[in-house]
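In each ligand, atom 1 is the first atom listed, and ligand 1 is the first ligand listed.
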Amino acid sequence: MEIKIIQAPPQKMKTKPADESNLGFGKIFTDHMFTMTYKEGQGWHNAVIEPYRQLQLDPTAMCLHYAQEIFEGLKAYRGKDGAIFLFRPTENFKRMNASADRLCMPNFDENAVLDALKKLVLLDRDWIPSGAGTSLYIRPTMIATEAALGVHPANEYLFFIVLCAVGAYYPQGFAPTKIYVSEEHVRAAAGGTGHTKAGGNYAASLYAMRIATNMGYTQVLWLDAKENKYVEEVGTSNIFFLIGDELITPPLAGTILPGVTRNSVIKLASHLGMKVVERALSIDEVIEAAHKGTLKEAFASGTAAIVSPVGQIYFRKKEYLINNGKTGPVAEKLYNEILQIQYGLKEDPFNWRVKISD
Ligand SMILES: *Cc1c(COP(=O)(O)O)cnc(C)c1O
């Protein structure tokens, strides 16, 4: 795939944020983006790195009506000596193609797109912040652009990648979350799209999330759609419970997202000698463990935070404290290990890091 590069003229380059302690998340976009176009019969074409711009879409572009839209999320990290790393990027592009399959969208060449991503990140490298815990968030997206009403797989698509500078997730140290167990709403049912990063999943999750936040909780803990019994995910992260000496996480059975961080936590925890189990875990078992004192820790995993400790669970009008509402040693250890691998501060036993520049 040939990638055309159109540099933004100096007068169109944006001012980079001066204060790296206040970047937040998802607000500060860089100077360039990658786009490519798909048309049935023609395949992917017009691959170009170009100045960041608005999109032009027909009002009937099918993504706007029938939600044929998928995305990914990964990061570029600046190491101590200025080197730039990606973390397991191929996993994200594989997962995106799996999402594409489920939504009847076209596959793309994972290596070619990774190559485009590297070029894009290098072109906008001055946007990668260097403060501890900061990074460049990468958002690959695919949308159906065919202008037509009527539900059918579109015959035209746009793929794009935008980048944004993001701040440290824990600028003041870990902040354990309070999570709300939803028994009234579900995120994904077996046979649905729960295992894909499809935009529609997130629209459907907002209602329960609003209930949780209105009650003072940070996130929703989703239960399975069939029996309303087994824990699945927390917000847009995977979930782990440390019960006794077992680190337990729900299996990949089609209703949860196969998180790259989830997989990294499983591999790393096993490597560190912990007992990791992927199995169905009921909320009753979690609550019983809380009563018995064997529920040692709980944490969510995802690209944004790496590991996000859970300090409290709300279930059936009762609150359960976990590790006295504090971050536990296992969550902290896994967080530090993964972070150090991502930033090139530690050896990388699994070859997860992809160095794109010295
Ligand atoms: C993105 C996401 C995750 C976490 O995946 P990572 O690859 O670890 O970032 C988990 N659950 C949902 C629903 C997600 O959208």
Side-chain angles (χ1 to χ4, degrees), residues 25-26 67 69-77 86-100 102-103 110 114 117 135-142 161 164 166 169 177 179 182 185-190 192-209 212 218-225 230-241 249-269 276 278 298-310 331 334-335 337-339 341-342 350 352-354:
F25 181 86
E69 187 269 357
I70 55 174
F71 65 95
E72 270 302 327
L74 66 159
K75 284 176 168 180
Y77 308 87
L86 300 174
F87 184 72
R88 311 185 72 185
T90 306
E91 298 303 313
N92 293 90
F93 291 127
K94 271 196 221 157
R95 183 169 72 189
M96 195 170 182
N97 265 336
S99 295
R102 179 63 180 78
L103 277 98
E110 290 153 19
L114 178 56
L117 171 62
S135 57
L136 189 74
Y137 184 78
I138 301 164
R139 173 51 61 90
T141 310
M142 194 197 295
I161 303 177
C164 66
V166 300
Y169 202 86
T177 57
I179 60 176
S182 177
H185 300 101
V186 295
R187 193 189 85 92
T193 55
H195 58 298
T196 69
K197 256 181 146 59
N201 289 343
Y202 304 85
S205 75
L206 296 174
Y207 193 87
M209 175 134 167
T218 331
Q219 282 292 355
V220 174
L221 174 65
W222 301 102
L223 300 180
D224 78 286
Y230 298 100
V231 300
E232 297 229 306
E233 296 198 81
V234 83
T236 58
S237 307
N238 296 109
I239 182 79
F240 288 83
F241 290 91
T249 196
L252 299 180
T255 54
I256 68 168
L257 216 276
V260 177
T261 320
R262 173 188 179 279
N263 180 271
S264 307
V265 165
I266 291 172
K267 293 216 164 100
L268 198 63
V276 189
E278 292 174 70
F299 58 85
S301 73
T303 295
I306 308 179
V307 157
S308 170
V310 175
L334 291 166
Y335 171 82
E337 290 280 329
I338 294 178
L339 182 125
I341 293 175
Q342 288 171 335
F350 303 99
W352 284 339
R353 231 167 17 220
V354 176

### Message
Between the side chains of R262 and E278, is the shortest nitrogen-to-carboxylate-oxygen separation below 4.0 Å, so that they form an ion pair?
### Response
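Salt bridge: yes.
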### Side-chain ion pair, E232 and R187, N-O less than 4.0 Å
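No, E232 and R187 are not salt-bridged.
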Enumerated ligand 1 atoms positioned under 4.0 Å from heavy atoms of [X]:
{"X": "S237", "value": "10 (C), 11 (N)"}
{"X": "V260", "value": "6 (P), 7 (O), 8 (O)"}
{"X": "G259", "value": "5 (O), 6 (P), 7 (O), 8 (O)"}
{"X": "R95", "value": "5 (O), 6 (P), 7 (O)"}

### Query
Can you find a side-chain donor-acceptor pair between N97 and E110 that sits under 3.5 Å?
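A donor-acceptor contact under 3.5 Å links the two side chains.
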### Message
So, regarding K197 and ligand 1 (criterion: nitrogen or oxygen to nitrogen or oxygen, under 3.5 Å), is there a contact or not?
### Response
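Min N/O separation from ligand 1 is below 3.5 Å for K197.
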### Message
Check this for me - ligand 1, R187, N or O atoms closer than 3.5 angstrom, yes or no?
### Response
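No; the residue has no nitrogen or oxygen that sits under 3.5 Å from a nitrogen or oxygen of the ligand.
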Would you mind checking which non-hydrogen protein atom is closest to [atom], with the distance to 0.1 Å?
{"atom": "atom 9 (O) of ligand 1", "answer": "T303 OG1, 2.6 Å"}
{"atom": "atom 15 (O) of ligand 1", "answer": "Y202 OH, 2.4 Å"}
{"atom": "atom 8 (O) of ligand 1", "answer": "T261 OG1, 2.6 Å"}
{"atom": "atom 11 (N) of ligand 1", "answer": "E233 OE1, 2.5 Å"}
{"atom": "atom 3 (C) of ligand 1", "answer": "T236 O, 3.2 Å"}

### Query
Out of curiosity, is G73 lining ligand 1, as in a heavy atom under 4.0 Å away?
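G73: no contact with ligand 1 (<4.0 Å).
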### Query
Among the heavy atoms of E72, does any lie under 4.0 Å from an atom of ligand 1?
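Not so, E72 does not reach ligand 1.
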#### Entry: Y202 ring center within less than 6.0 Å of F71 ring center
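Ring-ring flag for F71/Y202: true, centres closer than 6.0 Å.
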#### Entry: R88 vs N263 side-chain heavy atoms within contact, under 4.5 Å
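Sidechains of N263 and R88: in contact.
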### Query
Between T249 and V265, is any pair of side-chain heavy atoms under 4.5 Å apart?
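Side chain of T249 against side chain of V265, heavy atoms only: no contact under 4.5 Å found.
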### Query
Donor-acceptor pair, R102 side chain versus G192 backbone, under 3.5 Å?
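Present.
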### Task
Identify which one of T177, I239, I179 satisfies the side chain to side chain contact (heavy atoms under 4.5 Å, CB included) criterion when paired with S308.
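Going through T177, I239, I179 one by one, the side chain to side chain contact (heavy atoms under 4.5 Å, CB included) with S308 is satisfied by T177 alone.
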### Task
Assign the ring pair F299 / F240 to parallel, tilted or perpendicular, where the plane angle (0 to 90°) is split at 30° and 60°.
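Geometry flag for F240 against F299: parallel rings.
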